[in-house]
Amino acid sequence: MSELHGEPYQPQSGFMKWMESRLPIMGLLYPTAVTFPTPRNLNYWWTFGGILMFCLTVQIMTGIVLAMHYVPHVDMAFESVEHIMRDVNFGWLLRYVHANGGSMFFIAVYIHMFRGLYYGSYKAPREILWILGVVLFILMMATAFMGYVLPWGQMSFWGATVITSLFSAIPYVGDMITQLLWGGFAVDNPTLNRFFSLHYLLPFMIVGVVVLHIWALHVTGNNNPTGLNVKSKQDTLPFHPFYTAKDGFALVVFILFFAMFVFFAPNILGDPINYEKANSLVTPEHIVPEWYFLPFYAILRAIPDKLGGVIVMFGAIMVLFILPWLDTSKVRSASFRPLYRQFFWVLVIVCIGLGYLGAKPPEGAYVVWSRILTAYYFFHFLVILPVLGLVERPRTLPQSITQSVLGKDDGGQAESKG
Amino acid sequence: MAISEQHEPHRRDFLYIATGAFAAVGGVAAVWPLIHQMNPDASVQALASIEIDLSAIELGQTVTVKWQGRPVFIRHRTPAEIKTAQDTPLGDLKDQVSRNDGLGGAEDASDANRVVRPEWLIVVGVCTHLGCIPVKDQGDFNGWFCPCHGSHYDLSGRIRQGPAPENLLVPKYEFIGDDAVQIG
């Protein structure tokens, strides 16, 4: 796979020659971030990796400065958030960017994941790359959950209570584990304190796994819309300037979308009841998690048994770990899989449907539909994907990435001259 | 290692294993304080018991008090409510265990096993499903209803319908004279 190494770095100045013979950091970065050979046909769905890096950076930067003003104590947490909003210079901006940044992070990660599902980016040889992505998703969810507890509003408190109580479903040791998580007999000051500590730690663990994720990406190279392997140098372009420009443009559009929420609808994605201070004696009428957890919440509530619900909910994420081995089709991209493409969109609709049901009260038809969609979610991964690979007849694949690109331009006459 | 397997174990092998085992024990011993610090601390444990004056609670009234950071429901039950609770056949119950910390733990969930004095029902007000606070005087069994995921409890605090697996916990308590109770 020699074509996956970009042009090596050639130090020009005397200083850089001196430096490279001592710490060859440019020798490491240049072929991976500048000249890295990238398939020439990547579409805009491939820009979300870069957008996610931006989101992570924004969350860490705003988070570090917010921590300079926030007080992780039950008597002052809620007040210190209002203090940030009213008194701290630009505090309102920093907090709204951080709070909405979490939502933007999840929008980007869901698009990134569904892109992987559509184009078969999880298939050999990218299994580890995909699994690291699932690990990142889990770390993100843990971070977001703990972050949401910090403002110590009603939904913070009761969300924390419900989610930590999930662990009490574990037979025999469940209560021990919940007490260990709480540091008491209910969610209280020790819980808030440790969640603050962990909320500060986890983003840096995410950074570490992102490094592994990118490392794995640079061993196998990018997948692409055809799902074909890179066969020659003509199939690729250097990452810079081609994809730095494309990613950069997509990022600007994404930032406009982000800014729309921050400046015009900063609270639209949040629950108003979280502006009411936590009260350990009154549970709100409807406990609803943030939007990005709703599909999983719907799955949890679909099962009329405590331990069963918890197992199925975690199973909905765990099934992603074995996805590379569940999909038996040799063809990666859904563009050439007429049946899979339809099932893919059904899955998208099912996930959105579960999100809708997760926000509804657990009664009547909502429960019935939650059960149907939960069953379908698992049916998709555990039955449809393995069977489809055996019965589906894929469309004819193009000869190469280059042919697929130029073939469209000149009506099938694929003459590939880089 | 392949070579050494063919020989009798000698002194050097023993030293390797003993050193490795000692390092493992030391590692675990070093990690334990880092984990155990998360468990309820001395100041939390110190709030173990409270005393409540019952004289102000009217017949048919439920009050909520806070104990160990959790709500405790104290219900002054009417004779009719007591009778309904006592007459409920055990076969109708989802959880057959008394869940009474004041008893051994293996008793059945008859009303008699969940109260000390029938007119006073005292239970921890935390839904055994996912920890929400059930709402009083609601639900299909006139006891408590948990709004989060729809669990119904009766006037003995027993789970009758919904996803919660267990009856509301009865804390350990004792009456001090006629009009006061000590919980914990």
Side-chain angles (χ1 to χ4, degrees), chain A residues 74 154 157-169 171 174-191 193-195 197-198 279-289 297 300-310 313 361-364 366-367 370, chain B residues 32 34-50 62-73 94-95 99 101 124-136 138-140 144-152 159 161-166 169 171 183-184:
Chain A
V74 287
Q154 268 291 63
F157 183 90
W158 290 103
T161 298
V162 167
I163 300 300
T164 50
S165 295
L166 293 179
F167 293 94
S168 70
D175 288 332
M176 267 167 60
I177 293 174
T178 44
Q179 283 197 11
L180 184 78
L181 292 172
W182 291 335
F185 305 102
V187 173
D188 211 329
N189 195 53
T191 324
N193 231 230
R194 66 193 52 184
F195 277 18
S197 170
L198 294 173
N279 179 347
S280 64
L281 296 182
V282 180
T283 304
E285 191 82 351
H286 295 296
I287 296 191
V288 184
Y297 196 57
L300 169 75
R301 299 192 306 182
I303 310 297
D305 175 78
K306 182 173 169 180
L307 180 60
V310 173
M313 184 185 70
E363 56 200 26
Y366 296 130
V367 175
S370 298
Chain B
W32 178 239
L34 292 171
I35 293 172
H36 190 50
Q37 54 82 24
M38 286 175 71
N39 274 315
D41 62 33
S43 71
V44 172
Q45 303 271 19
L47 303 169
S49 77
I50 50 163
T62 302
V63 298
T64 304
V65 297
K66 202 168 170 178
W67 173 63
Q68 291 187 334
R70 295 178 292 183
V72 170
F73 298 147
K94 196 179 160 192
D95 179 15
R99 307 292 170 194
D101 277 355
V124 174
V126 174
C127 182
T128 58
H129 181 224
L130 293 173
C132 298
I133 311 292
V135 184
K136 66 179 175 183
Q138 280 190 27
D140 295 351
W144 286 270
F145 173 71
C146 184
C148 294
H149 307 96
S151 293
H152 300 255
I159 178 67
Q161 191 190 319
E166 294 178 8
L169 179 70
I183 299 173

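Remember, predicted model here, so these are calculated numbers, not experimental data.
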Go through the atoms of [X] and report whether side chain, backbone, both or neither lie under 4.5 Å from a heavy atom of chain B.
X: Y297(A); result: side chain
X: P284(A); result: backbone
X: L300(A); result: side chain

For Y366(A), check ring-ring contact (aromatic ring centres under 6.0 Å, His included) against everything at least two apart and list the hits.
none
Trace of the side chain to side chain contact (heavy atoms under 4.5 Å, CB included) decision for V162(A) with H129(B)
CA-CA 9 Å; V162(A) 167; H129(B) 181 224; over 6 Å; no
K66(B) side chain vs S280(A) backbone, donor-acceptor pair below 3.5 Å:
no
Compile the donor-acceptor pairs under 3.5 Å between side chains in residues 178-186 of chain A and protein atoms, sequence neighbours left out, one pair per line.
| residue | atom | partner | partner atom | Å |
| --- | --- | --- | --- | --- |
| T178(A) | OG1 | G174(A) | O | 3.2 |
| T178(A) | OG1 | D175(A) | O | 2.9 |
| W182(A) | NE1 | T164(A) | OG1 | 2.7 |

What's the shortest heavy-atom distance between [X] and [Y], and which atoms?
X: G131(B); Y: T161(A); value: O-CG2, 3.2 Å
X: D188(A); Y: G69(B); value: OD2-CA, 4.3 Å
X: C148(B); Y: R301(A); value: O-NH1, 4.3 Å

Find the distance between CD1 (I287(A)) and SG (C146(B)) and round it off to the nearest 0.5 Å.
7.5 Å
Mind checking the CE-CD1 spacing from M38(B) to I177(A)? Nearest 0.5 Å is all I need.
11.0 Å
Are any of the side-chain heavy atoms of D305(A) and P163(B) separated by less than 4.5 Å?
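They are not in contact (no side-chain heavy atoms under 4.5 Å apart), so the answer is no.
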Would you sort out whether I133(B) and V282(A) count as a side chain to side chain contact (heavy atoms under 4.5 Å, CB included), showing the intermediate values?
CA-CA 6 Å; I133(B) 311 292; V282(A) 180; over 6 Å; no
Can you tell me which of T283(A), V310(A), V288(A) forms the most heavy-atom pairs within a distance under 4.5 Å of chain B?
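Greatest number of close heavy-atom pairs with chain B: T283(A).
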